Amino acid sequence: MLNFKKKGIFIRKTEEKVQEEILHGGVLAVWGSPGSGKTIVATKIAKYLADKKKNVVLVLCDMTAPMLPCICPPSDLECEKSLGSILAAAHVSEALVKHNMITHKRLSYLTILGMLKGENEYTYPPYTEVQARELIENLRKIAPFVIIDCGSYIANDILSAVALMESDSVLRLANCDLKSISYLSSQLPLLRDSKWDADKQYKIGSNLKPQEGIEYINQVLGSVAFKLPHSQELEEQYLAGNLFGDLSMKDSRAFRKEIEKIAREVFGC
Ligand SMILES: Nc1ncnc2c1ncn2[C@@H]1O[C@H](COP(=O)(O)OP(=O)(O)OP(=O)(O)O)[C@@H](O)[C@H]1O
Ligand SMILES: [Mg+2]
């Protein structure tokens with residue numbers, strides 16, 4: 001069953017590659033080991049762009065622990081619509097996607113797609129890579145900036161797997177620990193087998209602690225394109241379910257700067 005699923009997800013329909021360089025905007029998949037900070041990073045890049053008045057869609061793939069109720073208070077969201085209703089359709093049209101997008105009340109340039117509190121994989125009929133591809137294609141038409149917060153279990157999570165294939169760039173997050181290394185050595189072969197374009201990924205050391213110096217990071221993770229430090233203020237925002245809050249404390253400065261650097265590199269702004 002798993003092998004069948006793996007193949008279904010990972011085989012490309014066409015060998016065509018997008019040649020043009022994306023200088024402004026595009027689709028970014030945020031991926032990496034479990035608990036590495038994917039949701040935090042996806043959300044903070046989305047906030048950075050929305051603050052700069054760029055239209056951005058944030059897609060939250062997690063169907064096991066829907067993250068919509070965890071990133072901001074429900075009162076900040078204009079309506080209650082579910083990503084599940086989009087994927088449940090036989091075909092995903094632009095109108096269907098637009099109808100199910102949730103606008104953030106204060107960050108008006110930001111819209112979010114995700115599963116609602118209490119929902120899970122079985123709330124809606126099963127979807128296939130067809131709906132996942134159509135969703136991403138339509139998002140490209142709807143907004144110049146699309147950020148997809150992928151799950152780690154890509155062998156079983158069709159939307160995340162398709163996002164890794166179809167995105168223009170991928171942030172690959174890892175903590176500086178053995179679990180992250182074990183995760184990558186287990187999961188990277190799935191992508192290699194499917195002729196995934198590994199050049200589009202940026203390796204990121206995430207939630208790095210002060211004691212994890214540069215030499216230690218290089219030793220555990222190899223060379224990384226960006227280093228996101230641990231921030232106490234960010235941890236508190238996460239616990240409070242308020243990731244669209246500003247990071248103003250001194251200890252968050254390095255994290256903020258790195259998010260800006262990533263957005264500039266990936267999106268050109
Ligand atoms: N830079 C950081 N500073 C402080 N805490 C962090 C940082 N990055 C990640 N964390 C902590 O790591 C935990 C996991 O974060 P998050 O949910 O964003 O990870 P994830 O990769 O999306 O997890 P999952 O695999 O469950 O989807 C949280 O407790 C969060 O506070
Ligand atoms: Mg997550």
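No experiment lies behind these values; they were computed from the predicted model shown. All values below come from the heavy atoms of this structure, side chains included, with hydrogens, waters and symmetry mates left out.
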Student: Test side chain to side chain contact (heavy atoms under 4.5 Å, CB included) on I204 and I262; report intermediate values, then the result.
Tutor: CA-CA 10 Å; I204 300 194; I262 294 171; 3.7 Å; yes
Student: If you take all heavy atoms of G151 and K38, which pair is closest and at what distance?
Tutor: C-CE, 4.3 Å
Student: Judged by atom type as modelled, is there a donor-acceptor pair below 3.5 Å linking the side chain of T43 to the main-chain atoms of T39?
Tutor: yes
Student: Do L135 and Q131 come within less than 4.5 Å of each other through their side chains, counting heavy atoms only?
Tutor: no
Student: Does L164 offer a backbone N or O that forms a donor-acceptor pair with the side chain of K200 under 3.5 Å?
Tutor: yes
Student: side-chain hydrogen bond (donor to acceptor under 3.5 Å, both in side chains) with S33: which residues, sequence neighbours excluded?
Tutor: S180
Student: Mind jotting down which residue pairs meet the ring-ring contact (aromatic ring centres under 6.0 Å, His included) criterion with at least one end in residues 83-102? Sequence neighbours excluded, please.
Tutor: none
Student: Would you call P34 and Y153 a side-chain contact if the rule is heavy atoms closer than 4.5 Å?
Tutor: yes
Student: Residues two or more places apart in sequence or in another chain: which of them pass side-chain hydrogen bond (donor to acceptor under 3.5 Å, both in side chains) with Y183?
Tutor: W31
Student: So, using side-chain hydrogen bond (donor to acceptor under 3.5 Å, both in side chains) as the criterion, who are the partners of H104 when residues are at least two apart?
Tutor: none
Student: What's the shortest heavy-atom distance between S223 and N218, and which atoms?
Tutor: CA-OD1, 4.3 Å
Student: Which ILVMFWY residues are connected to V224, directly or by a chain of links, through side-chain heavy atoms under 4.5 Å apart?
Tutor: I181, L208, Y216, I217, V220, L221
Student: Under the side-chain hydrogen bond (donor to acceptor under 3.5 Å, both in side chains) rule, collect the residues that match up with N175, sequence neighbours excluded.
Tutor: none
Student: Check whether N138 reaches the backbone of V92 with its side chain - one donor and one acceptor, N or O, closer than 3.5 Å.
Tutor: yes
Student: Is it true that L188 and V170 fall in one hydrophobic cluster, defined by side-chain heavy atoms closer than 4.5 Å?
Tutor: yes
Student: Please report the interatomic distance CE(M115) to CD(E121), rounded to the nearest 0.5 Å.
Tutor: 7.0 Å
Student: Closest approach of L159 and A132, non-hydrogen atoms and distance?
Tutor: CD1-CB, 3.9 Å
Student: Are L184 and L191 connected in a single hydrophobic cluster, I mean Ile/Leu/Val/Met/Phe/Trp/Tyr linked by side-chain heavy atoms less than 4.5 Å apart?
Tutor: yes
Student: Any salt bridge (charged side-chain N to carboxylate O under 4.0 Å, His left out) involving residues 105-120? Give me the pairs, sequence neighbours left out, ordered by first then second residue.
Tutor: D76-R106
Student: Taking all non-hydrogen atoms of both residues, which atom of I142 and which atom of M101 are closest, and how far apart?
Tutor: CG2-CE, 3.7 Å
Student: Which residue pairs pass the salt bridge (charged side-chain N to carboxylate O under 4.0 Å, His left out) test when at least one of the two sits in residues 79-95, sequence neighbours left out?
Tutor: E94-K98
Student: Give, for atom CZ of F226 and atom CZ of R172, the distance between the pair rounded to the nearest 0.5 Å.
Tutor: 14.0 Å
Student: Measure from the side-chain N and O atoms of S167 to the backbone N and O of A163, and report whether any donor-acceptor pair falls under 3.5 Å.
Tutor: yes
Student: Can you check whether E78's main-chain N or O pairs, donor with acceptor, with T103's side chain at less than 3.5 Å?
Tutor: no
Student: Which residues satisfy the ring-ring contact (aromatic ring centres under 6.0 Å, His included) test with F145, sequence neighbours excluded?
Tutor: F267
Student: Using distance only, find each side-chain donor-acceptor pair of residues 55-63 under 3.5 Å and give its atom names and separation, not counting sequence neighbours.
Tutor:
from	atom 1	to	atom 2	distance (Å)
D62	OD1	T64	N	2.9
D62	OD1	A65	N	2.8

Student: Can you tell me how far CG of L68 sits from CD1 of I102, rounded to the nearest 0.5 angstrom?
Tutor: 4.5 Å
Student: Evaluate whether atom CG of L239 has more than 12 neighbouring non-hydrogen atoms of other residues, nucleotides or ligands under 6.0 angstrom away.
Tutor: yes
Student: Strictly distance-based, threshold 3.5 Å: is any side-chain N or O of Y124 a donor or acceptor partner for the main-chain N or O of L83?
Tutor: no
Student: At what distance, to the nearest 0.5 angstrom, does OH of Y202 lie from CD of E265?
Tutor: 4.0 Å
Student: Could you give the distance from CD1 (I154) to CE (M165), rounded to the nearest 0.5 Å?
Tutor: 7.5 Å
Student: Is it the case that atom NZ in K53 sees more than 12 heavy atoms from other parts of the structure closer than 6.0 Å?
Tutor: no
Student: If I compare all heavy atoms of I40 with all of F255, which pair ends up nearest, and what's the gap?
Tutor: CG2-CZ, 4.0 Å
Student: Going by atom type alone, with no hydrogens or angles, which donor-acceptor pairs under 3.5 Å involve a side-chain atom of residues 243-253 and a protein atom two or more places apart or on another chain?
Tutor:
from	atom 1	to	atom 2	distance (Å)
D246	OD1	K47	NZ	2.8
D251	OD2	Q232	N	2.7
S252	OG	S231	OG	3.4
S252	OG	E233	OE1	2.4

Student: If hydrophobic clusters are built by linking Ile, Leu, Val, Met, Phe, Trp and Tyr wherever their side-chain heavy atoms come under 4.5 Å apart, do Y109 and L113 end up in the same one?
Tutor: no
Student: Is there any salt bridge (charged side-chain N to carboxylate O under 4.0 Å, His left out) pair reaching into residues 206-229, and which pairs are they, with sequence neighbours excluded?
Tutor: none
Student: Search all heavy atoms of C269 against all heavy atoms of K52 and return the closest pair with its distance.
Tutor: C-NZ, 4.0 Å
